Amino acid sequence: MSTDSTSQVGRSWQCWWAWVVLPALGAWWAGRLVARTYYFYDEWSMVDRAVRSNMFDAATTSFNGHLWLVQDVLYRVQVAVFGVDDHAFISVLFVAALVVLHLSLAWLLHRGGVPGVASPLVAGLLVYLGAASQNFLFAVQVSPISAAACGLLATAIAIGHSPSRRARFAVAVLLLACVAFDSGIALTGLTLAGIAVLMSWGRRHAAVLLPSGALAAAWYLWGDLGASSAAGPLTLLEFAGHLLLRSAGAIVGSGEVAGAMLLGAASGVVTVQWRAGRLVGPPRILLVAGSAATAVTIAALSHARAGMPGFNYVDLNRYLQNVALPLTVALAPAVAVACRAAAVRCSPAAAAKLTALPVVALMAAFALGLDEQRSYSQLFLSWNDAVHEHVQSASVVIRDGCPSGATPDAASAPARGLSPQLTVVLLQELMRRGLLHAPPSLTPRADTVEAICPSG
């Protein structure tokens, strides 16, 4: 790390309060909403695995093409220990994972030279990105969020420490955990940390990448990767371009035009700083590693989703953060270098204003994303409420029988439009084991009765 970068990072620790207050505010921001959620969509697949599969088979079985080794354990504990009357255990773990991601990203940016309050502010903006609010609302994201945090932590260690035995062990373990949490997100994490290791420590320390690389390679060679896009090259390129622009635009709470403007401005800043020879040390490493990770992420998502019928950035808004995160890692340190260079040429008064400008801009960017966050949050919470009502209604019908006296159809789904993975047979098994309890007095929803009771 350069002397200038080291001193800047050291001075930024004087703003220690921001590293406590901002993550705490982020946890409150997400927690107040997550507390109102229930098991939704993919979560019912995890619940089903927990009650009907052994731990080894469930942990190593593909989930939409992803290896989720840890995810199965988390939901197995939730179901076996706490049941499914509530969602509290997973919700707490999810919010904790968000805090760890916030701090991990802030620390990495801090190591890259982003100063003062700006590091946790940038991190908070990305973790609680309004246009990608699925990532702090949908608790099934606990595994991808944890994987991202592991990759960022490993990268921060690689650029901020000498390759001691302890540092090398930490990087190896974190990257192995990254793959174990989510093999999909691990593509981003391994690219980011792998390049950081090679550029910071040199090729002779590349062995730290072998355990995680071997696990990821084994999965992608022999695992069930699910369906991939059959789109042609032009469709793939078009999808990739839109995804990049929309993800960049999401940072400032807007669409592709804003994304193009942001990328254009950032590219100009990077070019000027590169030619001036100011991008050295961690900012240069993160520019290369973050750019490569962004490209890998976009390529992987395009391969999986381009041409997908009904694809949209509402139901799948989580992908915007997947791209925006490594993109920010690439660009934010370079922008910080430019701000410092500009401040040197200014008077003390002007320099103070210039230092405050990024903080104001970050707060404005967060505010610009609030409309999309509110819109999606209301929609997502209404879906969760509806599924919870269907579960309670179905449990009453299972306990008391259909109005006709018939037994509910075991293969039917009480909330098919919102959670098709939720079936009567799964609810019956949960109730049999005492993991789900029917409300003592509740009139079932008419549409639930219609969905699960035989007609005629």
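Bear in mind the structure is a predicted one, so any value in this text is a computation, not a measurement. Note that the numbering runs from 1 along the sequence shown for the chain.
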Do you know which of Leu121, Leu125, Leu129 makes side-chain contact (heavy atoms from CB on, under 4.5 Å) with Phe366? Leu125
Spacing of [atom1] belonging to [X] relative to [atom2] belonging to [Y], to within rounding of 0.5 Å:
X	Y	atom1	atom2	value
Gln134	Tyr319	CD	OH	8.5 Å
Leu209	Leu190	CG	CG	7.5 Å
Thr155	Ile195	OG1	CD1	9.5 Å
Leu331	Leu263	CG	CG	7.0 Å
Leu152	Leu109	CG	CG	8.5 Å

Greater than 12 external heavy atoms within 6.0 Å of [X]'s [atom1]:
X	atom1	answer
Leu221	CG	yes
Tyr41	OH	no
Arg165	CZ	no
Arg36	CZ	no
Met199	CE	yes

Test side chain to side chain contact (heavy atoms under 4.5 Å, CB included) applied to Ala295 - qualifying residues, sequence neighbours left out: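 For Ala295, no residue satisfies side chain to side chain contact (heavy atoms under 4.5 Å, CB included) once neighbours in sequence are set aside.
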Taking side chain to side chain contact (heavy atoms under 4.5 Å, CB included) as the test, write out the residues that go with Leu153, two or more places apart.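 Here the qualifying residues are Ser104, Trp107, Leu174.
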Which heavy atom of [X] sits nearest to which heavy atom of [Y], and what is that distance?
X	Y	result
Ile251	Ala324	CG1-CB, 4.0 Å
Gly112	Ile159	N-CD1, 4.2 Å
Leu215	Leu176	CD2-CD1, 4.0 Å
Ser377	Leu33	OG-CD1, 3.9 Å
Ala167	His161	CB-CB, 4.3 Å
Phe94	Ala139	CD2-CA, 3.6 Å

Okay, side chain of [X], backbone of [Y]: is any donor-acceptor separation there less than 3.5 Å?
X	Y	answer
Ser183	His66	no
Tyr128	Gly26	yes
Arg246	Leu243	no
His102	Ala123	no

Any pair counted as side chain to side chain donor-acceptor pair (under 3.5 Å), so long as it reaches residues 190-203, sequence neighbours left out: none
My understanding is that only residues two or more places apart in sequence, or in another chain, count here; which of them pass side chain to side chain donor-acceptor pair (under 3.5 Å) with His388? none
Taking only residues two or more places apart in sequence, or in another chain, which ones meet Arg52 in a side chain to side chain donor-acceptor pair (under 3.5 Å)? Asp48
Could you point out which residue of Gln421, His87, Gln78 forms a side-chain hydrogen bond (donor to acceptor under 3.5 Å, both in side chains) with Tyr39? Gln78
Does the separation of the ring centres of Trp68 and Tyr75 fall below 6.0 angstrom? no
Pairs satisfying ring pair (Phe, Tyr, Trp, His ring centres under 6.0 Å), at least one member in residues 237-294, at least two apart: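 For residues 237-294: Phe239-Phe311.
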